[in-house]
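Take a look at the structure below.
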Amino acid sequence: MKISRSDILYAPVSLLLHGMALLPMWVLYGLSDVLFVLIRYVVRYRVKVVHRNIGESFPEMSVAECRRTERRFYRHFADYFVETIKLLHISDAKVRQMMEFVNVEEVDRSVAAGRSVAVYAGHYANWEYLSSITLWSRFSTDEVAFGQIYRRLNNEWFDAFFLRLRSRFNSSSYEKRESFRDLLRLKRSGKVAVTGFISDQHPSGVDTHHVVRFLNHDTAMISGTETIIRKLDYDVFYFDTEKLGRGRYRTTMRKITTNQRVQPPRAITDAYVALLESSIRRQPELWLWTHKRWKHKCTECAQPLTPLSDD
């Protein structure tokens with residue numbers, strides 16, 4: 001195996017992360033408590049961004065409620081970090097204890113009918129564990145192409161590191177710019193796919209977008225996901241995740257549509273936005289508030305959400 005220059009430069013980081021991953025979860029959560037204090041009160045990582053985002057998104061909240069949500073967010077953010085590192089050394093049995101999936105049989109039903117599936121998600125709860133759906137489906141990764149779309153990181157070493165983590169449950173990662181080609185190749189080969197799309201990023205200059213009313217903001221949402229879904233004729237679901245306690249999540253598979261051809265334009269994106277906002281309002285501390293989600297004001301006005309037609 002060829003060793004790159006970045007492998008040598010980041011060898012100490014790699015050793016540290018692998019060493020952390022060998023620790024039991026109770027020790028890692030102790031480290032998380034320390035990390036919370038460092039991130040929130042010492043480094044003050046994007047505190048102004050988080051404060052502004054939460055305050056503007058929930059004008060009905062009192063100042064005390066906003067502060068409490070901010071603290072809970074940073075505590076969860078620290079937990080997210082140590083839980084993600086733990087993916088380097090964790091058993092399938094432990095993962096099933098940490099991330100429970102409900103209603104996976106709905107997805108399996110689509111797969112059994114020869115239908116590929118797209119699953120929307122947000123940067124919510126611990127999204128790195130969503131690929132563990134492979135531990136709950138009755139279909140093996142040999143039978144079905146499980147995977148997720150990702151955006152390549154600028155740092156070569158960290159990009160390879162996260163790709164390794166995301167392959168932990170035998171799923172593939174498709175680089176965003178080449179994802180349609182990769183999924184089309186699977187379709188033409190006759191392979192059924194179950195693919196996760198995290199679609200709450202701020203659209204880049206080349207992304208097609210759709211302006212919606214989201215968390216009290218006119219918000220540009222990536223609409224390329226819906227374009228891919230329609231072109232490939234996928235059934236559509238949503239990862240609806242709740243945090244039940246420290247290190248305990250439950251994700252319910254919510255069906256958006258199994259007949260996207262009858263849906264009006266942008267209706268699938270609208271349905272995803274409504275579900276994501278519902279998740280965030282239920283447990284607001286679980287969303288990634290450090291994103292500068294509304295750094296650019298929309299030049300378009302949000303239109304009313306399009307209701308889905310009955311399948």
Side-chain angles (χ1 to χ4, degrees), residues 80 83 87 92-149 166 168-172 183 191-200 225-226 228-230 232-245 247-263 267-284 286-287 305 307-311:
Y80 159 81
E83 289 168 359
L87 286 173
D92 288 354
K94 181 61 177 177
V95 171
R96 283 176 63 92
Q97 291 176 7
M98 292 179 66
M99 177 66 83
E100 173 192 3
F101 282 86
V102 177
N103 208 31
V104 178
E105 61 271 14
E106 285 286 333
V107 175
D108 285 346
R109 191 171 294 120
S110 289
V111 170
R115 301 279 299 166
S116 287
V117 171
V119 191
Y120 276 96
H123 286 92
Y124 186 79
N126 195 324
W127 57 93
E128 301 295 350
Y129 278 70
L130 293 176
S131 58
S132 67
I133 189 176
T134 59
L135 303 179
W136 294 82
S137 173
R138 68 182 176 89
F139 291 95
S140 71
T141 53
D142 292 329
E143 298 170 293
V144 175
F146 288 90
Q148 54 276 325
I149 309 302
R166 289 163 185 167
R168 165 65 181 79
F169 306 105
N170 298 317
S171 61
S172 300
L183 295 175
K191 190 82 169 181
V192 175
V194 175
T195 309
F197 293 79
I198 293 182
S199 298
D200 60 344
T225 301
E226 179 169 346
I228 291 174
I229 287 168
R230 289 183 180 275
L232 297 178
D233 190 24
Y234 278 14
D235 291 350
V236 192
F237 289 79
Y238 169 68
F239 284 121
D240 185 13
T241 305
E242 305 167 77
K243 189 170 186 176
L244 306 179
R248 292 178 55 240
Y249 301 92
R250 179 172 60 210
T251 296
T252 302
M253 307 306 299
R254 305 284 185 198
K255 183 178 74 172
I256 293 179
T257 181
T258 52
N259 190 2
Q260 53 85 15
R261 293 184 183 276
V262 305
Q263 309 303 339
I268 296 172
T269 303
D270 287 349
Y272 160 62
V273 169
L275 287 165
L276 178 61
E277 178 160 338
S278 177
S279 297
I280 294 170
R281 289 189 177 278
R282 184 178 60 222
Q283 290 182 288
L286 301 187
W287 200 45
L305 294 181
L308 284 177
S309 306
D310 291 334
D311 288 340

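None of these values were measured; they are calculated from a predicted model.
- Shown here for Gly122 and Ile198, the closest heavy-atom pair between the two residues is C-CG2, 4.1 Å.
- Legend: residues meeting ring pair (Phe, Tyr, Trp, His ring centres under 6.0 Å) with Tyr272, ordered by chain and number and at least two apart, are Tyr120.
- Distance alone, capped at 3.5 Å, is enough to place a donor-acceptor pair between the Gln283 side chain and the Lys243 backbone.
- Across all non-hydrogen atoms, the minimal contact from Arg138 to Ala112 is NH2-CB, 3.5 Å.
- Although no hydrogens or angles enter the test, the distance criterion places no donor-acceptor pair under 3.5 Å between the side chain of Asp240 and the main chain of Arg254.
- Take Arg230 and apply the salt bridge (charged side-chain N to carboxylate O under 4.0 Å, His left out) test, not counting sequence neighbours, and it matches Glu226.
- Between Leu276 and Tyr238 there is a side-chain heavy-atom pair separated by less than 4.5 Å.
- No hydrogens or angles considered: nothing links the side chains of Ser171 and Thr134 as a donor-acceptor pair under 3.5 Å.
- Shown here for His123 and Trp287, the closest heavy-atom pair between the two residues is O-CD1, 3.1 Å.
- Residues Tyr234 and Thr195 bring no donor and acceptor atom of their side chains to less than 3.5 Å of each other.
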Subject >> Steps toward side-chain contact (heavy atoms from CB on, under 4.5 Å) verdict (Met98, Tyr129) >> reply: CA-CA 9 Å; Met98 292 179 66; Tyr129 278 70; 3.8 Å; yes
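- Across all their heavy atoms, Phe146 and Ser140 have their closest contact at CE1-O, 4.0 Å.
- A salt bridge links Arg281 with Glu277: at least one charged nitrogen is closer than 4.0 Å to a carboxylate oxygen.
- Taking each heavy atom of Met99 and Ser132 in turn, the nearest pair found is CG-OG, 3.8 Å.
- Nearest approach of Val107 to Met253, heavy atoms of both residues: CG2-CE, 3.9 Å.
- Between Phe239 and Trp127, a ring centre-to-centre spacing not shorter than 6.0 Å is recorded.
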**OP:** Let me see the working for Ile256 and Phe237 under side-chain contact (heavy atoms from CB on, under 4.5 Å), right down to the final yes or no.
**Re:** CA-CA 5 Å; Ile256 293 179; Phe237 289 79; 5.9 Å; no
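- With Phe169 as the fixed residue, the side-chain contact (heavy atoms from CB on, under 4.5 Å) test singles out one of Ile133, Thr141, Leu87, Leu130: Leu87.
- Side-chain atoms of Gln148 come within 3.5 Å of backbone atoms of Ser172 as a donor-acceptor pair (strictly under, hydrogens ignored).
- For Asp235, the salt bridge (charged side-chain N to carboxylate O under 4.0 Å, His left out) partners at least two apart in sequence or on another chain are Arg115.
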**OP:** Begin with the C-alpha distance, continue with both residues' side-chain angles, and end with the deciding distance and a verdict on side-chain hydrogen bond (donor to acceptor under 3.5 Å, both in side chains) for Ser137 and Asp108.
**Re:** CA-CA 7 Å; Ser137 173; Asp108 285 346; 2.7 Å; yes
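- With hydrogens and angles ignored, the 3.5 Å screen pairs no side-chain donor or acceptor of Tyr80 with any backbone N or O of Tyr124.
- Between Lys255 and Glu106 there is no salt bridge, since no side-chain N of the basic residue sits under 4.0 Å from a carboxylate O of the acidic one.
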